[in-house]
> 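Let me begin by handing over the structure; questions about it come next.
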Amino acid sequence: MKVYQTNEIKNISVLGASRSGKTTLAEAMLFEGGVIKRRGSVESQNTVSDYFPVEKEYGYSVFSTVFSVEWLGRKLNFIDCPGSDDFVGGTVAALNVTDTALMVLNAQYGVEVGTINQLRCTEKVNKPVIFIVNQLDHEKADFDNVVSQLKDLYGGKTVLVQYPISTGAGFNALVDVLKMKMYRWKPEGGEPEILDIPDSEKDKAAELHQTLIEAAAENDEGLMEKFFDQGTLSEDEMRDGIRLGLIQRGIFPVFCVCAKCDMGVRRTMEFLRNVVPYVSDMPPVTTIEGVQVKPDSKGPVSLYFFKTTVEPHIGEVSYFKVMSGTVHEGDDLMNPDRGSKERLAQIFSVAGQTRNKVEEMVAGDIGATVKLKDVRTGNALNSKGCEYRYNFVKYPNSKYSRAVRAVNEADTEKLSEILTRMHEEDPTWIIEQSKELKQTIVSGQGEFHLKTLKWRIENNDKIMIEFSEPKIPYRETITKAARADYRHKKQSGGAGQFGEVHLIVEPYSEGMPKPDIYRFNGQEYKITVRDTQEINLDWGGKLVFVNSIVGGAIDARFLPAILKGIMSRIEQGPLTGSYARDVRVIVYDGKMHPVDSNEVSFMLAGRNAFSTAFKNAGPKILEPVYNVEVSVPADKLGDIMSDLQGRRAIILGMSSEKGYEKLQAKVPLKEMSSYSTALSSMTGGRASFVMSFAGYELVPADVQEKLLKEYEATQKEE
């Protein structure tokens with residue numbers, strides 16, 4: 001493969017909902033570009049994309065696949081992204097290193113919830129979108145309905161470049177209103193006949209041609225003036241206007257293909273070659289330090305690694321984009337994220353698992369290398385004197401979590417290493433060793449996302465694992481003030497132990513006044529604040545420790561020991577053993593012994609006094625609550641609302657967005673354990689949701705009673 005210059009390279013993501021035909025379209029483009037001699041199929045498990053064993057097992061994409069096609073003197077780099085929301089991490093990474101998105105639509109279903117979710121991703125990174133209506137040969141294909149849905153999304157910005165003469169089993173021709181020609185194929189597809197538009201279609205084609213001209217002219221003042229003067233634009237001028245419109249997201253062109261029959265693919269690739277933006281047309285990326293990095297082949301060498309896979313017989317394959325400079329085989333580069341040096345022994349241009357060696361790559365190109373020592377997804381490699389680091393890829397929050405353990409305890413350490421490696425491959429697999437829950441928690445985008453992880457560990461690494469529902473990180477707090485004292489006294493020959501602590505506990509909230517006077521059982525306690533410590537707890541909330549000792553009842557040197565005792569108890573609340581939070585503790589009195597008092601004595605006295613007071617202060621359990629936003633088809637809205645209410649949700653609001661209803665709710669984490677699976681089941685996979693931590697709230701009395709009984713039962717077992 002020749003070395004392509006920056007102004008000869010275009011980077012394109014292939015997006016679309018599951019079963020829209022992305023992988024089949026990729027096969028057709030690879031075939032048309034001469035990269036493969038024969039088109040594979042998903043059913044035959046021989047496609048360039050979907051080559052991993054787990055993808056063949058499940059029958060659809062799990063990983064994004066990088067491939068390149070040389071087309072009429074240009075290099076088109078594609079990243080074929082998974083359609084399932086569970087694997088959105090691949091889509092997010094791909095969109096950040098490409099400059100245009102091809103959004104493939106199934107002509108039967110048009111805009112699906114997966115489409116909406118991926119379009120949101122393109123909006124976040126402000127990337128151009130071209131719509132490809134696929135499977136026009138299906139008996140239920142409805143092109144007009146698809147166009148109507150797209151116009152609901154983007155209004156007049158949705159512009160037809162092509163439309164089919166007819167759809168269904170007889171589909172074999174389309175009208176191209178940019179070229180103003182009809183394309184017709186024989187049953188085997190491939191190269192079409194290019195014909196004049198038939199009389200029956202001329203009026204419709206002329207009207208759409210005029211709409212396309214106006215849309216192209218709108219994006220450039222010069223073109224707009226020319227259009228007003230002449231009433232038309234040349235084909236080249238239309239291309240320029242469409243390119244500018246794509247960059248500004250002011251135009252969303254619509255193309256037609258039947259990827260399975262290789263119809264329309266060649267013309268689409270011609271458009272990609274001629275019209276979509278080059279790398280240098282798009283805004284430059286900014287480093288963590290705020291430096292703009294332009295795709296300059298003569299600049300310092302800087303590579304960004306956006307994807308890592310582990311492949312049989314090879315090991316790690318690291319995929320990168322050349323952000324700046326020209327990288328050569330054998331270059332020594334520095335990793336500023338990890339402080340290590342790497343040598344690029346080989347550089348490849350890739351098509352799935354096929355790798356073609358190249359000697360160099362220039363700014364804007366996408367390639368791969370193997371056997372790097374210390375490079376992770378998201379890292380950079382730079383030439384000497386260059387310190388570029390990047391963090392422009394923002395992955396979505398997790399939606400589904402499970403506790404994981406090795407069936408054979410001897411494999412525990414090995415499993416931990418594998419999980420770390422899996423996270424490096426896919427950063428949307430989040431691994432947490434929870435000291436609080438005493439569990440390893442793995443979180444992802446959905447049940448299938450974690451099911452895939454399990455399949456790979458068991459089949460590739462030969463370690464059997466078990467998933468279970470994770471424990472909920474409850475918190476404990478108090479609802480009223482209480483007082484307690486405790487004397488620790490121990491005498492067993494020689495020096496003894498003595499410490500007595502009197503304290504008050506009360507609920508703490510930000511901005512509350514200083515403690516003053518308290519009354520318990522008819523007795524008044526006046527507080528004189530000598531010192532206050534606010535401790536931000538690692539698990540959220542605060543412990544406020546107030547020293548109100550007067551008259552030297554307890555020496556100041558013992559106060560840290562009292563605080564230590566309280567902290568040891570706040571890590572294990574009396575109700576469920578969960579962390580406690582948002583408590584103010586006022587130590588106001590106590591006693592010492594001139595010989596027997598020491599730090600251990602006061603630590604134990606403080607711990608026990610706090611524990612007694614906490615139990616008498618109306619202790620309550622707090623549970624984590626999440627903000628949940630569900631995107632659902634209108635016909636399923638009632639079912640989803642009923643289900644959420646059954647999950648103790650508080651519905652916050654509803655709105656309509658791009659053909660879908662959006663529900664906002666607050667839902668306890670406990671009730672979201674298997675929500676992704678339930679939502680998919682209720683809506684046939686047509687709905688999706690996102691969730692983010694909102695805060696901690698008191699659990700209802702019946703739920704608290706149930707939790708107390710469960711905790712008591714586990715304590716008896718232990």
> Taking atom types as modelled, is there a side-chain donor on Ser443 or Ser398 under 3.5 Å from an acceptor on the other?
no
> For Lys620, look at atom NZ and say whether over 12 heavy atoms of other residues, nucleotides or ligands are found less than 6.0 Å away.
no
> Would you please name every residue forming a ring-ring contact (aromatic ring centres under 6.0 Å, His included) with Tyr474, sequence neighbours left out?
none
> So, applying side-chain contact (heavy atoms from CB on, under 4.5 Å) with Thr158, which one of Leu150, Leu153, Asp152 is it?
Leu150
> Could you tell me whether Glu524 atom CD has more than 12 heavy atoms of other residues or ligands within 6.0 Å of it?
yes
> Hey, is NZ on Lys151 packed in by over 12 heavy atoms from elsewhere, all under 6.0 Å?
yes
> Surrounding CG of Asp635 (heavy atoms of other residues, nucleotides or ligands, distance under 6.0 Å), is the total greater than 12?
yes
> Looking at Lys706 and Asp702, is any side-chain nitrogen of the basic one under 4.0 Å from a carboxylate oxygen of the acidic one?
no
> What I want to find out is whether Glu112 reaches Arg19 closely enough, with some N-O distance under 4.0 Å, to be called a salt bridge.
no
> Report the relative orientation of the aromatic rings in Tyr518 and Phe520; use parallel for angles under 30°, tilted for 30 to 60°, perpendicular for over 60°.
parallel
> Has Arg581 got a side-chain atom pairing as donor or acceptor with Leu537's backbone, closer than 3.5 angstrom?
no
> Do you see a donor-acceptor pair shorter than 3.5 Å between the side chains of His138 and Asn106?
no
> Do Ile570 and Trp539 have side-chain heavy atoms sitting under 4.5 Å apart?
yes
> Do other residues, nucleotides or ligands put more than 12 heavy atoms under 6.0 Å from Leu698 CG?
yes
> For Ala649, is there any backbone N or O sitting under 3.5 Å from a side-chain donor or acceptor partner on Lys666?
no
> Classify the side-chain pair Gln433/Thr440 by whether it contains a donor and acceptor separated by less than 3.5 Å.
yes
> Which pairs, with at least one residue in residues 466-485 and sequence neighbours excluded, count as a salt bridge (Lys or Arg N to Asp or Glu O under 4.0 Å)?
Arg405-Glu466, Glu436-Arg475, Glu469-Lys670, Arg483-Asp485
> Under a 4.0 Å N-O cut-off, is there an ion pair linking Lys709 with Glu705?
yes
> Heavy-atom distance under 4.5 Å between the side chains of His423 and Ile430, does that happen here?
yes
